[in-house]
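Quick notes on the structure that follows.
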Amino acid sequence: MNYSMVGSALAFLLLVACQNTPQIQTGENAEVIQGNLVRVDHSRAKLAYMDPSADFNKYTAILLAPLGVDNVEIIQPTTSYRTTRTPNWELTDADKLRLQKDFQEAMSKQLALQKTYPLVTAAGDDVLLISAKLTRIAPTAPKDDNRSRPAGRNKIVTEGAGKISVEVTFSDSETGEVLALAKDTRSGSSLWGLNNSITNAAQVRRVFTSWAMQIRAQLDRVHSQKIAE
C-alpha cells in the first residue's frame, strides 16, 4: 500500500494548489512528533504529519467530534478600525455554539452526499474519529455589536472577514491513537465588502463547507483506491 498517498488523501485539507505529490519524510533527519507522526513534505496543508504504519483501509465509518472552540487565540483587528475604547474581540458562549453548529452541519451535509463513509455516533474498531479545533481567529474589524461599534461606525468595509486557523486530527475511535494531523489557515474572502455579523457568518460557513468538501473528496479517493486494490 502507498501510505504517502493514502495518508495524505485522508488528512491534508486541500486549501491551496500543490504541484508536488505529498511525501512522508524518511531518514535520520525526518521530523517526528508525538512519537509516531512523521512530517509530510509538499502537503497541501501548512503542516501535516501522519503515521506511516497506519492502516486506513480498516475504517468504513466516521465519528465526528464537536468542533473544539476553547483556547482559541484571537488576533485583534488593526488599530485603524478601533478606538481607545473599543473592547477586545472575544468569542462568547453563543458564538462558540454557533460555530460548532455550522461546522457540524457543513461536515454532515458533505459526508452525507456519499454513503462511502457513513457518520456514526459511537466508536468502533472500523470507525475513524475526525476531530477539528479552531486554533486562531484573526478578524479584520471590531466585532459587530453595540459595545464594539458605536453609532456611526456600523458600516465598515474590509477585505474579507479575516482568517481562521484549524487543526484536524484523524484517530482510531477506540484506542484514541492519532494516525494523522493537519494544520491550516484559510481566509474568509479576498474581496472587499461590508463587514458585519451577517456577512462574516456567511464567510465562516463557506470556509467550513470548503474544508468539509475537501475532506469528503479525499475520503472518496481513499475508498476508490481500496476498491482498486
Side-chain angles (χ1 to χ4, degrees), residues 1-15 22 24 32-40 43-45 47-72 96-97 99-135 164-184 186 205 207-229:
M1 180 187 299
N2 187 332
Y3 287 114
S4 295
M5 184 74 73
V6 175
S8 62
L10 269 174
F12 309 147
L13 309 180
L14 309 184
L15 304 182
I24 301 175
V32 181
I33 64 172
Q34 300 182 21
N36 67 319
L37 300 179
V38 184
R39 177 75 177 267
V40 179
S43 73
R44 294 163 176 82
L47 288 172
Y49 302 84
M50 71 161 292
D51 183 349
S53 65
D55 180 12
F56 290 102
N57 277 344
K58 64 177 288 188
Y59 300 107
T60 60
I62 299 294
L63 176 61
L64 182 63
L67 178 68
V69 290
D70 294 323
N71 303 316
V72 180
K96 294 178 180 180
L97 288 174
L99 288 167
Q100 290 180 318
K101 176 177 178 291
D102 289 343
F103 180 80
Q104 183 75 25
E105 288 181 351
M107 287 295 298
S108 298
K109 181 178 180 179
Q110 289 301 317
L111 291 174
L113 293 178
Q114 298 287 347
K115 297 183 179 180
T116 306
Y117 290 91
L119 279 175
V120 296
T121 58
D125 60 4
D126 61 345
V127 177
L128 183 71
L129 172 64
I130 298 180
S131 305
K133 65 179 180 180
L134 296 184
T135 57
I164 302 177
S165 298
V166 68
E167 177 180 309
V168 182
T169 58
F170 297 80
S171 310
D172 185 285
S173 64
E174 285 198 324
T175 67
E177 180 183 6
V178 177
L179 308 175
L181 178 150
K183 299 180 181 181
D184 219 312
R186 187 171 178 83
R205 287 194 294 270
V207 169
F208 287 165
T209 296
S210 177
W211 278 329
M213 289 174 64
Q214 298 302 338
I215 290 175
R216 178 183 60 80
Q218 297 316 302
L219 289 172
D220 290 344
R221 178 184 176 188
V222 172
H223 180 73
S224 65
Q225 290 172 343
K226 287 165 61 177
I227 294 175
E229 293 171 354

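Every value quoted in this text rests on a predicted model; they were computed, and no experiment measured them.
In this structure, Asn71 CG and Leu134 CG are separated by 11.5 Å, a value rounded to the nearest 0.5 Å. Remark: Met50 CE to Leu179 CG distance equals 8.0 Å, nearest 0.5 Å. Distance CG/Leu111 to CE/Met213: 12.0 Å, rounded to 0.5 Å. Atom OH of Tyr49 is separated from atom CD1 of Ile33 by 5.0 Å, given to the nearest 0.5 angstrom. Separating the CD atom in Glu177 from the CG atom in Leu129 is a distance of 12.5 Å, to the nearest 0.5 Å. For the atom pair Ile130 CD1 and Met107 CE, the distance stands at 5.0 Å (nearest 0.5 Å).
Thr209 is listed as a side-chain neighbour of Gln110, based on a closest heavy-atom distance under 4.5 Å. Two residues are said to be in side-chain contact when any heavy atoms from C-beta on lie closer than 4.5 Å; Arg39 and Leu47 meet this criterion. Using a 4.5 Å heavy-atom threshold, the side chains of Val207 and Val166 count as separate. Counting heavy atoms from C-beta on, the side chains of Gln104 and Leu67 never come closer than 4.5 Å. Between Gln34 and Val178 the shortest side-chain heavy-atom distance falls below 4.5 Å.
Of the residues listed (Asp126, Asp172, Asp125), the one engaging Lys58 in a salt bridge (Lys or Arg N to Asp or Glu O under 4.0 Å) is Asp172, and it is the only one.
Ion pairing of Lys101 with Glu105 is present here, as a side-chain N (NZ or NE/NH1/NH2) and a carboxylate O approach within less than 4.0 Å. Residues Lys133 and Asp70 are not paired through a salt bridge, judged by the lack of any N-O separation under 4.0 Å between the basic side chain and the carboxylate.
Across every non-hydrogen atom of Ala212 and Ala106, the tightest pair is CB-O, 3.5 Å. The shortest heavy-atom contact between Ser173 and Leu63 is CB-CD2, 4.4 Å. Considering all non-hydrogen atoms of both residues, Phe208 and Leu99 come closest at CE1-O, 3.5 Å.
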